[in-house]
Amino acid sequence: MSIVVQKFGGTSVADAERISRAALRAVETKRAGHQVVMVVSARGKKTDELVSLASEITKKPRPREMDMLLSTGEQESCALMAMAVHELGEEAISLTGAQIGVKTDGSHTKARIISISTQRMKDALDAGQIVIAAGFQGVDENFDITTLGRGGSDTTAAALAAVLDAELCEIYTDVEGVFTTDPRVVADAAKVEQVSYDEMLELASLGAGVMHSRSIEFAKKYHVNLKVKPSYSNGPGTLIGPVPVAPAPMVTGVAFVRNEARVSLIDVPDQPGVMSEVFSRLSENKIPVDMVVQNVGVNGTADISFTVAEDDLEKALQVGDAATASLGGTVESLGNMSKVSVVGHGMQTHTGVAAQMFSILAEHDVNINMVTTSEIKISVLIDHDLCEKATRAIHSGFHLDRKETATPEIGVASPNIPRARTDRDATKLEEDIVSRLSGMEDTVVSDIYGDDSQARVTITQLPDTPGIAARIFAAVANGGILVDMIIQNAAQDGRAIISLTVPSDDVGQCIELLRTAAGDNPDVQFSFDQRIGKLSVVGIGLRSHTDVGARMFRTLADNSINVQMVNTSEIKVSVVVAAEEIDKALTALRGTFGVS
Ligand code: ADP
Ligand code: ASP
Ligand code: MG
């Protein structure tokens, strides 16, 4: 008999009536001939209330006790849900994470799942019961209760669906499905019918709160059919699945993180080992970083900037201080920033998505503090107060509003993107790797490849005013040049630095276009490297597993290879090194990650 997992979020189990409605849905699914596992969150704002209660008692609650406390929210709702099912005349059993056998590591408040036993759930299902699992929780090897991080019930649901080989995992929530952006911020956001695992991974990890990003890692690794659906109606919801919709829209969605901070290490030595030093320390402290940017070194020194969640800023600054104490240089930080990102498979083959995003921001007077890209996303760091305005502007600028139908044409370049392996090979490889993992959430690195067909162009001494990035990238896009990586570092003394990579053959034309775009500004300078080596590590959950970047940088440092540019996403981390180092770097990285 096929198994269906149904997860109900906080709003969907907030009171007795909603609990009964959720129970009815499960009962109907069972009566339609399925075995049903429900995963429930804490009721309404319960988890927030518990967090604030703890904070009234102490400013620094111990993580072990927080887990003991927060896990009670889910325990309450799963018992109530079992009663509601009983009331409808069906058998049900509520189970905590420990009772199911959800084993996690011991990192309290952000534990990762190691394994899940299926015996007890299967026995109950075979006995005709609906299994009601408490989301968000597990136990470590000492049987101490752990939680998976805020929003983690989605991850419980996807993980249970994976181990039970469920036909479908339904995530019932308080919206119609996955939208082009947060419908609470943009009233005209449109529900999407289907979104790929990769896009959803990026959207979720870049701030789209509708799904816990680790649930999408599970779904992708274990081929779980995920559907996000409204709990209050019979709306069809959104399917999250393996294939991108064809033809892929340039931009599928816009995500934002309101509270982001920037840390800059200024005048650190431009030599192998610096990135490694910084990122090993960040990884040891489990601080996820995004938007990593290193300036191309001048006079033997470089500036490194990265962003962290504002809550992690204090810890990140301590890491920065420790790193500069041993390396040299100084640490600066900037709080009160927000990160806005666009995500879409289509941008791999379209020129000008970045240019369009930058020009929308310029038209709305939003200055861009930092830029990073990967194949399917572009992120900008902007002033906190402009976050919602920028999100709305980008959303309507890309015609994502509900009433819009057709997307306007932007140049399509012949996609000369060096692919990893073919999709089918990659899937097969991933499956082999996943089947050998010792912990269900361990990092999956499935491929590492090099590309020496690109050039780097760097523009320095740009005035740091709205519209600069827009002009530059519009010029390049209008010339039909496919830009691969873009980084703009935090401006120093009112001057910004932008580096981009383009096909080597296009570098001459690119610089011509840039010179024209810079007009008569005599300060602006250009430099380029006709051939660079770009190395990419491909896998799943690469940014949220903080050790992947650290291991890459360590490996390159051990081989005396300097890192010139970096870009990160959940599915790929790429670094630029000198072209002549590419073979050495590839061999070393493949050794580190055990990829042949
Ligand atoms: P639950 O309690 O059911 O897990 P969440 O609050 O975690 O619900 O997630 C649903 C909320 O996510 C929505 O109410 C919506 O405001 C927000 N959200 C953010 N980004 C998106 C998006 N792209 N699509 C849909 N909802 C989004
Ligand atoms: N109750 C937890 C939270 O509010 C987990 C969840 O709802 O997914 O974060
Ligand atoms: Mg949620």
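Just so you know, ligand 1 is whichever comes first in the structure, and atom 1 is the first atom listed for that ligand.
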If you measure every N or O of [X] against every N or O of ligand 1, does any of those distances drop under 3.5 Å?
X    : answer
P183 : no
G10  : yes
D182 : yes
S12  : no

Answer yes or no: is there an ion pair linking [X] with [Y], defined by an N-O contact shorter than 4.0 Å?
X    : Y    : answer
E310 : R258 : no
D198 : K220 : yes
E170 : K227 : no
D48  : R150 : yes
K191 : E176 : no

- Message: Heavy atoms only: which of T173, V178, V185 lies closest to atom 3 (O) of ligand 1?
- Response: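 Considering heavy atoms of T173, V178, V185, the nearest to atom 3 (O) of ligand 1 sits in T173.
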- Heavy-atom proximity to atom 11 (C) of ligand 1, best of R184, M200, H212: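 Going through R184, M200, H212 one by one, R184 has the nearest heavy atom to atom 11 (C) of ligand 1.
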- Query: What pairs with S374 under side-chain contact (heavy atoms from CB on, under 4.5 Å), at least two apart in sequence or on another chain?
  - Reply: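 Listed in chain order: K377, S569.
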- Item | Under the side-chain contact (heavy atoms from CB on, under 4.5 Å) test, residues paired with Q119 that sit two or more places apart | D123
What protein heavy atom lies closest to [atom]? Include the residue and the distance to one decimal.
atom                    : value
atom 26 (N) of ligand 1 : V210 CB, 3.4 Å
atom 23 (N) of ligand 1 : F179 O, 3.0 Å
atom 7 (O) of ligand 1  : G209 O, 3.6 Å

- Query: Do the side-chain N and O atoms of S338 and H384 include a donor-acceptor pair separated by under 3.5 angstrom?
  - Reply: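 Absent: no donor and acceptor within the cut-off.
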- Will you find, in the side chains of D67 and T147, an N or O donor that is under 3.5 Å from an N or O acceptor? yes
- Task: With rounding to the nearest 0.5 Å, note down the distance linking OG in S379 to CD1 in I368.
- Result: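 So the gap between those two atoms works out to 11.5 Å.
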- Item | Distance (rounded to the nearest 0.5 Å) between R112 CZ and D442 CG |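 Here the rounded value is 9.0 Å.
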- Item | Atom indices of ligand 1 within 4.0 angstrom of D174 heavy atoms, with elements | 10 (C), 11 (C), 13 (C), 14 (O)
- Query: Which of the atoms of ligand 1 are close to K7, meaning less than 4.0 Å from one of its heavy atoms?
  - Reply: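 Selected atoms, number and element: 4 (O).
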- Task: Would you list the pairs meeting salt bridge (charged side-chain N to carboxylate O under 4.0 Å, His left out) in which at least one residue belongs to residues 205-217, sequence neighbours left out?
- Result: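 Residue pairs passing salt bridge (charged side-chain N to carboxylate O under 4.0 Å, His left out), neighbours aside: R214-E441.
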- Task: Of the side chain and backbone of T181, name the one, both, or neither that has a heavy atom under 4.0 Å from an atom of ligand 1.
- Result: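 T181 to ligand 1: backbone contact only, side chain stays beyond 4.0 Å.
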- Got the residues with a heavy atom under 4.0 Å of ligand 2, by chain and number? S41, A42, T47, E74, F136, R150, G151, G152, S153
- Message: If the contact criterion is a heavy-atom separation under 4.0 Å, does G177 count as touching ligand 1?
- Response: yes
